[in-house]
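Below, read A as the first sequence line, B as the second, and so on, with proteins coming before strands; counting in each chain starts at 1.
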Amino acid sequence: MPELPEVETIRHDLEREVAGKRIKTVTITGSRSVRRHADVAALTTRLEGAKIDAVRRKGKYLLISAGDDWLVVHLGMSGQLRKCAPKEPVAPHTHVTMAFTQGGQLRYVDPRTFGEIFVVAKDELDSKVSEIADLGFDPIEDVISWNTFGGMLMARKAKLKSLLMDQKFIAGLGNIYSDEILWAAGLRYDRSSDSLTTQEVRRLYRALVETLHEAIKQRGSTLSDAQYVDLYGKPGGFQAEHKVYAREGQACPRCRATIVRHKWSGRSTWLCEACQV
DNA sequence: ACGCCCGCCTGTAAGC
DNA sequence: TGCTTACAGGCGGGCG
């Protein structure tokens, strides 16, 4: 669920709330979230005493600068970062708690433990964390020309949705935003990437950038399961703007045909078969 | 290179 | 009411 707009919202909140603070103690209560570390005590030792300088984002990864290390967080499906007062009750599935010398806590909560949290030396990020080193361009951070984007599409021969969701091609999109972007571009998920006209390439690139900017402005999408909330526990607002995602049976806002759901690649895909071609 | 399925997890909801 | 099953989806891995 957390895709680029949700992760960017949390990044922005973290920048405001924890940048400049010093980590006093780290408490690990769930080992699966820190599975990358064979020695969990080493992780705690490295972080304690470190000052958080800045908070970056690459695709769906949060990179929290802590001296010479990156504290890397990937929220997976159900991960949350929450700013809490020490006396607040501890939510179920809280796996990591960081307390700051200035007071306050940052808690990592993740019921399904698809997400993870780990530390890596800054100069070893590229060599040790290939899933970050191999990420494709970030559609918010890395502005490219639609012409370049078209060249990238033509160089591949894959279904559009496969490419949009391929983190090595574009970093940050998941099921929700892929469907919304394809609707905004008026393109089907199963169009071959090398079949697009110049206008279609331009429409897709524009839909990509504009949909994400609008979603960030609305602080991301919170679905009925409320698995995504921001640093303060508040839901996003972009779900109200979804045009096709989980809107099976409703009218297409553009052409009034009925939105349908296709099962594709073991996953649900929503589209308007009338105006997505 | 690409398509497609599985396993990892838990919570929720639908179906019998 | 109570059990079973499906589904949600990020991502790596494996297979055809």
Side-chain angles (χ1 to χ4, degrees), chain A residues 1-10 29-36 57-63 72-81 90-96 108-118 128-136 138-139 151-182 188-196 212 215 220-229 235-236 238-239 242 244-249 260-271:
Chain A
M1 229 142 289
E3 302 179 32
L4 189 152
E6 291 77 31
V7 179
E8 176 60 21
T9 301
I10 294 169
T29 44
S31 58
R32 201 179 125 78
S33 299
V34 293
R35 56 194 173 275
R36 218 171 270 233
R57 179 190 57 74
K58 277 193 178 187
K60 300 176 195 171
Y61 289 86
L62 279 168
L63 299 169
V72 181
V73 181
H74 191 291
L75 299 169
M77 246 300 285
S78 57
Q80 297 180 358
L81 280 172
V90 176
H93 309 293
T94 299
H95 305 303
V96 180
Y108 178 72
V109 183
D110 187 3
R112 297 176 68 178
T113 62
F114 284 11
E116 58 172 330
I117 180 162
F118 60 93
K128 286 199 171 169
V129 192
S130 59
E131 52 275 59
I132 294 180
D134 295 344
L135 285 174
D138 185 291
M152 291 164 62
L153 290 170
M154 294 308 155
R156 299 283 291 267
K157 206 192 187 104
K159 293 183 176 178
L160 280 183
K161 189 166 172 179
S162 302
L163 276 190
L164 292 184
M165 291 185 62
D166 180 354
Q167 303 303 302
K168 295 185 181 69
F169 186 76
I170 305 177
L173 303 183
N175 209 31
I176 297 173
Y177 292 100
S178 296
D179 281 6
E180 291 299 316
I181 288 163
L182 286 166
R188 284 180 63 97
Y189 65 94
D190 54 1
R191 269 287 290 280
S192 184
S193 63
D194 62 349
S195 76
L196 269 58
L212 294 176
S221 302
T222 299
L223 306 181
S224 52
D225 57 12
Q227 288 206 96
Y228 162 72
V229 289
F238 192 68
Q239 65 282 357
H242 290 176
V244 287
Y245 183 83
R247 295 200 182 275
E248 191 179 4
V260 296
R261 172 161 71 151
H262 287 193
K263 202 80 186 170
W264 174 74
S265 232
R267 213 132 275 176
S268 288
T269 284
W270 287 270
L271 75 155

- Query: Just checking A/K168: base, sugar-phosphate only, or nothing, at a heavy-atom cut-off of under 4.0 Å?
  - Reply: nothing
- Query: Could you give the distance from CD1 (A/I170) to CG (A/L135), rounded to the nearest 0.5 Å?
  - Reply: 12.0 Å
- With sugar-phosphate meaning primed atoms plus P, OP1 and OP2, does A/S162 contact a base, only sugar-phosphate, or nothing at under 4.0 Å between heavy atoms? sugar-phosphate
- Query: Between C/dG10, C/dA8, C/dG12, which nucleotide has the shortest distance from any of its atoms to the side chain of A/K263?
  - Reply: C/dA8
- Message: Once you measure the plane-to-plane angle for A/Y108 and A/H95, does it fall in the parallel (<30°), tilted (30-60°) or perpendicular (>60°) bin?
- Response: tilted
- Item | Note: A/K157-A/D194 ion pair, threshold 4.0 Å (strictly below) | yes
- Message: Using a 5.5 Å cut-off between ring centres and planes within 30 degrees, is A/F114 stacked on the base of B/dC8?
- Response: yes
- Query: Could you give the CH2-to-P distance, from A/W264 to B/dG3, as a whole number of Å?
  - Reply: 7 Å
- Task: Have a look at A/R261 and say if it touches a base, only the backbone sugar-phosphate, or nothing, with a 4.0 Å heavy-atom cut-off.
- Result: sugar-phosphate
- Task: Would you state whether a donor and an acceptor, one from the side chain of A/R156 and one from the base of B/dA1, lie under 3.5 Å apart?
- Result: no
- Whichever of A/S193 and A/R267 has its nearest DNA chain B nucleotide further upstream toward 5': A/S193
- Task: Identify whether the distance between the nearest side-chain nitrogen and carboxylate oxygen of A/R57 and A/D138 falls below 4.0 Å.
- Result: yes
- Query: Of the candidate nucleotides B/dG3, C/dC11, C/dG10, which contains the atom at the shortest distance from the side chain of A/K159?
  - Reply: B/dG3
- Item | Earlier contact from the 5' end, DNA chain C, for A/W270 and A/Q167 | A/W270
- Between B/dA1 (P) and A/D194 (CG): distance, integer Å: 15 Å
- Message: So, does A/K60 get its side chain near the phosphate of C/dC11, meaning an N or O under 4.0 Å from OP1 or OP2?
- Response: yes
- Task: From the options B/dG3, B/dC9, C/dC11, select the nucleotide whose nearest atom is closest to the side chain of A/A158.
- Result: B/dG3
- Task: Please check the phosphate of B/dC9 (OP1 and OP2 only) for any side-chain N or O of A/R32 closer than 4.0 Å.
- Result: yes
